[in-house]
Amino acid sequence: MRPMVSLRQRWWLVVVLLFAPPAHTAASGAEVMSWVPPYRLEQSRQALQHRAGAVTADQWLTRIGLQFWMPTEEGGIRYATHEEKVDDAEVAWFRNWAREHGVKVLLTIYNYDSKKWNWELARAAFRDHQDRFVDSLAAEVVRLQLDGVDLDLEGNGSLDEDRAAFASFVKKLSARLRARGRLLTIDSFHSPCFNAPHMGWWEDWAGQVDAIHSMGYGDLYEGSTQTFTPQGSQQVCMNGEYIFRFSWQVSWARKHGFQPAQLLLGLPGGRYEWGEGGRGRTLPDHLNEAAAQSAGICIWDVPATLGGTRDSRWGTEEAWTALKRFRAGT
């Protein structure tokens with residue numbers, strides 16, 4: 001039986017609900033995504049359990065993608081087999097860690113077959129067997145109790161002929177996942193001129209995608225003066241504009257239907273210094289640059305955040321404190 005509630009009590013309850021912050025506010029802020037690749041699994045576990053001074057990984061990570069699945073030519077999905085063994089037990093370890101620490105965990109589907117990024121394989125799934133591919137991804141998310149799907153289907157070359165089919169696939173998958181309260185994110189090349197999917201396709205996904213990961217690891221920083229000419233072309237991309245600046249990327253996102261917070265700028269895990277100009281060369285400098293644009297970040301990849309042989313500064317308290325402050329917006 002429900003207890004009796006007075007009219008005055010009900011009024012105060014309405015006030016509290018109207019003006020209270022959303023339940024996720026304390027744990028939110030800038031999105032910080034990284035990936036567990038289908039190799040160096042033990043190093044990924046070590047990184048997630050690492051403590052840098054007083055900072056732990058869950059204090060700066062908001063999402064992880066498990067890059068464990070590949071499409072089949074018939075629109076199904078399967079575990080990758082060309083690296084270390086991945087299976088339900090591996091998924092469960094990372095899912096349980098994420099659940100315990102308030103981090104979202106996504107199914108990352110990718111198309112690298114140990115020799116190349118196999119766009120023909122990806123196309124067979126998202127174009128030729130679109131409905132089955134959507135069904136397969138949605139069913140696996142539910143079966144393994146994951147928080148959504150991250151699409152890492154990459155193609156090298158001029159592939160705009162596949163744009164419409166990819167957009168149709170994204171629309172169907174988004175509708176299916178959102179009906180179940182799940183997320184959809186897409187990994188994109190970081191120019192609007194070449195490879196697939198690229199920035200020129202972003203407008204197709206507006207209102208359907210929770211985040212775009214711009215894969216410019218090491219290329220992206222605010223001081224960039226680099227231009228880009230696609231392979232085999234005599235025409236410089238975007239008439240020579242500095243497309244790899246954080247601010248240029250965010251401006252493009254705004255113009256094509258996305259908020260800055262939905263764009264996650266790619267940073268190179270394991271490299272503590274890159275680029276010239278801007279606020280400086282170090283990871284904290286570049287985090288400040290991204291924060292100034294109100295964007296999120298994505299880091300390739302989880303094991304690299306320990307530093308190791310690449311650059312031990314990545315796993316230090318200085319680095320992880322900067323990441324924690326970035327996530328918190330401070």
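Computed over heavy atoms, backbone and side chain alike; hydrogens, waters and symmetry mates excluded. Note that this is a predicted model, so its numbers are computed, not measured. Counting begins at 1 with the first residue of the sequence.
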Identify, with sequence neighbours excluded, every residue that meets salt bridge (Lys or Arg N to Asp or Glu O under 4.0 Å) alongside D58. none
Between F133, Y112, Y79, which is the residue that forms a ring pair (Phe, Tyr, Trp, His ring centres under 6.0 Å) with W69? Y79
Angle between ring planes, W35 versus W300, binned at 30° and 60°: parallel, tilted or perpendicular? tilted
Does the ring centre of F126 sit less than 6.0 Å away from the ring centre of F166? yes
Contact list for residues 288-308, test salt bridge (charged side-chain N to carboxylate O under 4.0 Å, His left out), sequence neighbours left out: R40-D301
For R95, is there an ion pair with D147 - N to carboxylate O distance below 4.0 angstrom? no
Can you tell whether the side chains of R45 and E90 come within less than 4.0 Å, N to carboxylate O? yes
In Å and rounded to the nearest 0.5 Å, what is the CG to CE distance from L153 to M70? 10.0 Å
Should the ring pair W60 and W320 be called parallel, tilted or perpendicular, given that the plane angle runs from 0 to 90° and is split at 30 and 60? perpendicular
Please work out which of the three classes, parallel, tilted or perpendicular, describes the rings of F244 and F228, given edges at 30° and 60°. tilted
Distance-only, no hydrogens or angles: does the Q262 side chain make a donor-acceptor pair with backbone N or O of V209 under 3.5 Å? yes
Keeping H286 on the side-chain end and R281 on the backbone end, is there a donor-acceptor pair under 3.5 Å? yes
Partner of M33 under side chain to side chain contact (heavy atoms under 4.5 Å, CB included), chosen from D150, I299, L61, I64: D150
Taking the basic N atoms (NZ, or NE/NH1/NH2) and the acidic carboxylate oxygens, is any pair closer than 4.0 Å for R163 and E203? yes
Parallel, tilted or perpendicular: which fits the ring planes of Y110 and H82, with parallel below 30° and perpendicular above 60°? tilted
Side-chain ion pair, E31 and R63, N-O less than 4.0 Å: yes
